[in-house]
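Heads up: the structure comes next, in structure tokens.
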Amino acid sequence: QVQLVEAGGGLVQAGGSLRLSCVPSGRTISMRFMGWFRRAPGKDSELVAAINWSDANTYYGNSVKGRFTISRDSAKNTMYLQMNSLKPEDTAVYYCAASQWGSLTTGYTYWGQGTQVTVSS
């Protein structure tokens with residue numbers, strides 16, 4: 001089992017920045033990929049960004065390319081999502097997720113509790 005704890009959400013004005021963090025615990029040796037999903041009211045869940053824990057290869061959704069950066073600090077066992085140039089449409093609950101057997105974009109079976117990001121216009 002892997003437990004994931006997110007932090008860093010909040011309220012920010014359009015054009016501002018936020019950084020989310022996610023700390024995994026438990027059987028983290030089994031993790032291969034970690035990612036950030038988001039769900040806005042009335043919309044489907046969306047994979048925002050993902051990272052290969054071992055080689056730091058990344059994936060970004062089209063809606064956040066050039067604005068968001070995913071990274072991981074292996075020494076601190078922490079994953080980050082730096083969000084710049086935020087837009088009102090980025091408003092959502094953001095979830096940290098981990099995958100043992102999938103790929104950058106599939107197989108996520110462990111989820112955090114979510115953190116709210118609200119961008120005001």
Side-chain angles (χ1 to χ4, degrees):
Q1 289 289 332
V2 175
Q3 294 79 43
L4 304 170
V5 178
E6 305 107 331
L11 173 64
V12 65
Q13 287 188 329
S17 298
L18 281 174
R19 187 176 78 160
L20 306 182
S21 62
C22 176
V23 178
S25 61
R27 288 181 56 84
T28 58
I29 193 171
S30 65
M31 290 188 321
R32 296 181 61 200
F33 307 97
M34 290 190 70
W36 290 97
F37 288 76
R38 68 185 181 187
R39 174 166 284 178
K43 295 186 177 181
D44 291 335
S45 179
E46 174 189 7
L47 175 59
V48 173
I51 189 166
N52 182 314
W53 194 259
S54 61
D55 65 15
N57 190 29
T58 58
Y59 162 87
Y60 292 97
N62 288 334
S63 62
V64 305
K65 281 181 181 176
R67 300 189 298 123
F68 290 10
T69 302
I70 190 170
S71 62
R72 58 99 171 93
D73 185 329
S74 297
K76 295 183 178 179
N77 201 39
T78 303
M79 178 179 68
Y80 301 98
L81 183 68
Q82 178 67 42
M83 305 185 293
N84 298 330
S85 302
L86 282 161
K87 305 175 181 179
E89 50 263 44
D90 293 318
T91 295
V93 178
Y94 284 71
Y95 297 90
C96 172
S99 170
Q100 291 176 283
W101 309 113
S103 66
L104 276 170
T105 58
T106 64
Y108 288 90
T109 55
Y110 298 104
W111 299 87
Q113 80 283 0
T115 185
Q116 177 70 45
V117 171
T118 302
V119 184
S120 63
S121 57

Check whether any side-chain heavy atom of [X] lies under 4.5 Å from a side-chain heavy atom of [Y], and answer yes or no.
X: Leu18; Y: Leu86; value: yes
X: Lys87; Y: Arg67; value: yes
X: Arg72; Y: Trp53; value: yes
X: Tyr94; Y: Met83; value: yes
X: Asp73; Y: Met79; value: no

Please name the pair of heavy atoms, one in [X] and one in [Y], separated by the smallest distance, quoted to 0.1 Å.
X: Gln116; Y: Thr118; value: NE2-OG1, 3.3 Å
X: Val48; Y: Val64; value: O-CG2, 3.4 Å
X: Val2; Y: Pro24; value: CG1-CB, 4.4 Å
X: Ser21; Y: Thr78; value: CB-CG2, 4.1 Å
X: Leu4; Y: Cys96; value: CD1-O, 3.6 Å
X: Ser17; Y: Asn84; value: OG-OD1, 2.9 Å

For [X] and [Y], indicate whether the former's side chain and the latter's backbone hold a donor-acceptor pair under 3.5 Å.
X: Ser99; Y: Gly102; answer: yes
X: Tyr60; Y: Ile70; answer: yes
X: Asn77; Y: Ser74; answer: no

Cluster check Val93, Trp111: I/L/V/M/F/W/Y, side chain < 4.5 angstrom: yes
Nearest 0.5 Å, please: how far is [atom2] in [Y] from [atom1] in [X]?
X: Asn57; Y: Ile51; atom1: CG; atom2: CD1; result: 8.5 Å
X: Leu104; Y: Phe33; atom1: CG; atom2: CZ; result: 5.5 Å
X: Ser25; Y: Gln3; atom1: OG; atom2: CD; result: 4.5 Å
X: Trp101; Y: Met31; atom1: CH2; atom2: CE; result: 13.0 Å
X: Thr115; Y: Leu81; atom1: OG1; atom2: CG; result: 11.0 Å

Ring-ring centroid check Tyr108 Phe37, cutoff 6.0 Å: yes
Check whether the side chains of [X] and [Y] place a donor and an acceptor atom closer than 3.5 Å, and report yes or no.
X: Glu89; Y: Thr91; answer: no
X: Gln113; Y: Tyr95; answer: no
X: Arg19; Y: Tyr80; answer: no
X: Ser63; Y: Glu46; answer: yes

Trp36/Glu6 under side chain to side chain contact (heavy atoms under 4.5 Å, CB included): CA gap, chis, key distance, verdict: CA-CA 10 Å; Trp36 290 97; Glu6 305 107 331; 3.8 Å; yes
